[in-house]
Amino acid sequence: MSGLSKHRYQSVLGLCCLGMAPLSGWACATCGCTLNTDAAMGYSAAAGWRVNLEDDYINQNQLRSGTRAVTPDQIVDHPVDPTAGGAEIEQGTLNRYLTLGVAYSPTHAWNFDLRLPYVLRDHATFGQQQAPFDPSETAADQLSGSRVSSFGDARLLMSYQGLLPTHNLGVQLGIKLPTGHYGTAVKFNSGPGAGSPLDASLQAGTGSTDLIVGAYYYRAVSQNFDAYASGQFQAGVAHKQDQPDNDFRPGNSLIMSFGLRYEAHPQWVPQLQVNLLHKSADQGALADRLDTAGTVLYLSPGLTIRALPRTYVYAFVQVPLASNLDGYQLFPHWTASVGVSYAL
């Protein structure tokens, strides 16, 4: 394993980022970051402090259902709930997650990682439209817009990798706290929907306290290649929005990642990840239960560069290979993550 890996320990993840994945609540199965930043920086058992800053870009501008793209007329004329007589036509959601992380490893076996995201989210929708579909329903004067700009839900993750003498098997336990604005904090600011609350799942926070459990394993598989596998599960265990007809709980999520790092050059490390996300439906009267569950598979090539003796920069692009989404959801053609990590 090269010097880049030997002097790395777990950095912070972007959001979005569940640990290796979402930053706070996801409005759907595709609007959170699934990149495993810990693996991108290279797992290690080194003790000390690290500060990390990550920027995740996710532009959901494609309507999909199941495994295929769909059009507005399909959504309205063939709603998921046939009794509704129509459905909402969403135009797009642009997500930016800026995540500050501080990690501390007091020994080779323990690591504590605090991550605080700042959420920037622009959402546009043509609103609920009745069947049969008419092109006028997607006219400019039907478009309502909103903007979220505030801190999201903080996450504290504890990792232990003292199970093996080689310190390359780790288990994780963490919690997501309801520190972000939730409920009806943000409202639509333009269009016919101006003044009405933004969906609960599109707010900066979810109002839920979530339990996070995970595990990871990494090892050298040849002179120049390292490989890893990881998994992380997140589920809500307490909810501030718990009143009758005013309740919301984000769906549970599971992320599994596999990857290879090419370690021949200490100054730059190309790598490739495969990230699989499965999310269950949001629950509660404020939830869009029919349009929030699904499974997505991403291929994520990237590069980590040693810019200074204690500073590393990384960049990744995620390309969806496959998806199976419940209902009608906005989907990204690609996502991007860039970050910088500094060892104190």
CA sep, side-chain torsions, deciding dist, call: Leu63, Ile75, side-chain contact (heavy atoms from CB on, under 4.5 Å): CA-CA 9 Å; Leu63 287 167; Ile75 294 173; 3.5 Å; yes
Stepwise salt bridge (charged side-chain N to carboxylate O under 4.0 Å, His left out) test for Arg96 and Asp55: CA-CA 7 Å; Arg96 289 280 302 276; Asp55 183 358; 2.6 Å; yes
Step-by-step side chain to side chain donor-acceptor pair (under 3.5 Å) determination, Asn224 to Glu263: CA-CA 5 Å; Asn224 293 328; Glu263 300 275 0; over 6 Å; no
Ring pair (Phe, Tyr, Trp, His ring centres under 6.0 Å) assessment of Tyr312 paired with Trp268: CA-CA 9 Å; Tyr312 292 82; Trp268 53 277; over 10 Å; no
Verdict with reasoning, Phe248 to Ser201, per side-chain contact (heavy atoms from CB on, under 4.5 Å): CA-CA 8 Å; Phe248 175 79; Ser201 56; 3.7 Å; yes
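Residues Ser149 and Tyr118 bring a donor and an acceptor atom of their side chains to less than 3.5 Å of each other. Looking at Asp73 and Thr71, their side chains do bring a donor and an acceptor atom within 3.5 Å of each other. Under the 3.5 Å distance criterion, with hydrogens and angles disregarded, a donor-acceptor pair is assigned to the side chains of Glu88 and Thr125. Using modelled atom types and a 3.5 Å distance limit, the side chains of Gln329 and Ser65 yield no donor-acceptor pair. No side-chain donor-acceptor contact under 3.5 Å links Arg64 and Tyr328. No side-chain donor-acceptor contact under 3.5 Å links Tyr97 and Glu54. Of the N and O atoms on the side chains of Ser159 and Asn111, not one donor lies less than 3.5 Å from an acceptor on the other residue. Under 3.5 Å, the side chains of Thr34 and Gln318 contain a donor-acceptor pair of N or O atoms. In summary, the side chains of His123 and Ser146 do not present any donor paired with an acceptor at a separation below 3.5 Å, with no hydrogens or angles considered. Under the 3.5 Å distance criterion, with hydrogens and angles disregarded, a donor-acceptor pair is assigned to the side chains of Gln60 and Asn95. Residues Ser208 and His239 have side chains that never bring a donor and an acceptor to within less than 3.5 angstrom of each other. Thr295 and Lys279 share no donor-acceptor pair across their side chains, judged by distance under 3.5 Å alone.
No side-chain heavy atom of Thr93 sits less than 4.5 Å from a side-chain heavy atom of Asn59.
Sorted by first then second residue, the side-chain hydrogen bond (donor to acceptor under 3.5 Å, both in side chains) pairs that include residues 129-143, not counting sequence neighbours, are Asp134-Ser136.
Between His167 and Tyr218, the closest heavy-atom pair is O-OH, 3.1 Å. The minimum heavy-atom distance linking Ser144 with Gly191 is given by the pair OG-C, 3.7 Å. Here the closest heavy-atom approach between residue Gly193 and residue Phe188 is recorded as O-CB, 3.3 Å. Contact between Ala194 and Asn189 at its shortest, heavy atoms only, is CB-C, 4.1 Å. Ala87 approaches Pro79 most closely through the heavy-atom pair CB-CB, 4.1 Å. Scanning all heavy atoms of the two residues, the minimum distance from Gly205 to Tyr182 falls at O-CB, 3.5 Å.
One distance of note links CD1 of Ile255 with CG of Asn275; it measures 7.5 Å at 0.5 Å rounding. Between atom CG of residue Asn246 and atom CD of residue Gln241 there is a gap of 6.5 Å, rounded to the nearest 0.5 Å. Here the straight-line distance linking atom CG of Asn324 with atom NE2 of His278 works out to 10.0 Å at 0.5 Å rounding. The line from CG of Leu330 to CD1 of Ile58 is 12.5 Å long, rounded to the nearest 0.5 Å. Between atom CG of residue Asp113 and atom OH of residue Tyr104 there is a gap of 14.0 Å, rounded to the nearest 0.5 Å. For the atom pair Ser337 OG and Tyr57 OH, the distance stands at 12.5 Å (nearest 0.5 Å).
Put simply, Leu116 and Leu98 are part of the same group of oily side chains (I, L, V, M, F, W, Y) that touch within less than 4.5 Å, one to the next. Val317 and Leu272 are members of different hydrophobic clusters when ILVMFWY side chains are connected at heavy-atom separations under 4.5 Å. No continuous path of ILVMFWY side-chain contacts below 4.5 Å connects Leu94 to Val119, so the two sit in separate hydrophobic clusters. Linking Ile, Leu, Val, Met, Phe, Trp and Tyr whenever their side-chain heavy atoms come within less than 4.5 Å leaves Tyr298 and Val319 in two separate clusters. Residues Leu100 and Leu344 share a single hydrophobic cluster, defined by chaining ILVMFWY side chains whose heavy atoms lie under 4.5 Å apart.
Arg219 places no side-chain N or O within donor-acceptor distance of the main-chain N or O of Asn168, the cut-off being under 3.5 Å. Within the 3.5 Å criterion, the main-chain N or O of Gly183 finds a donor-acceptor partner in the side chain of Gln203. Although no hydrogens or angles enter the test, the distance criterion places no donor-acceptor pair under 3.5 Å between the side chain of His181 and the main chain of Ala204. Although no hydrogens or angles enter the test, the distance criterion places no donor-acceptor pair under 3.5 Å between the side chain of Thr311 and the main chain of Ala307. Side-chain atoms of Ser280 come within 3.5 Å of backbone N or O of Asn252 as a donor-acceptor pair. Of the possible donor and acceptor atoms, none in the side chain of Gln232 sits under 3.5 Å from a partner among the backbone N and O of Ser230. Not one N or O on the side chain of Ser323 forms a donor-acceptor pair closer than 3.5 Å with the backbone of Val296. Under the 3.5 Å distance criterion, the side-chain polar atoms of Gln273 are left unmatched by any main-chain donor or acceptor of Phe258. Side-chain atoms of Thr179 come within 3.5 Å of backbone N or O of Ala154 as a donor-acceptor pair. Between the side chain of Thr292 and the backbone N or O of Asp282, at least one donor-acceptor pair lies under 3.5 Å.
Taking Asp326 as the reference, nothing meets the side-chain hydrogen bond (donor to acceptor under 3.5 Å, both in side chains) condition, with sequence neighbours excluded. For the side-chain hydrogen bond (donor to acceptor under 3.5 Å, both in side chains) test, no residue two or more places apart in sequence or in another chain qualifies with Asp77.
Cluster partners of Ile89 are Val76, Phe126, Phe133, Leu143, counting Ile, Leu, Val, Met, Phe, Trp and Tyr whose side-chain heavy atoms approach within less than 4.5 Å, directly or via other members. The other residues sharing a hydrophobic cluster with Val221 are Phe225, Leu260, Tyr262, where clustering joins ILVMFWY side chains under 4.5 Å apart. Within the hydrophobic cluster formed by Ile, Leu, Val, Met, Phe, Trp and Tyr side chains joined at under 4.5 Å, directly or through other members, Val338 stands alone, with no partner residue.
Around the CZ atom of Arg147, the shell of radius 6.0 Å holds more than 12 heavy atoms that belong to other residues, nucleotides or ligands.
With respect to the salt-bridge test (charged N to carboxylate O, under 4.0 angstrom), the residues Asp247 and Arg249 do not qualify.
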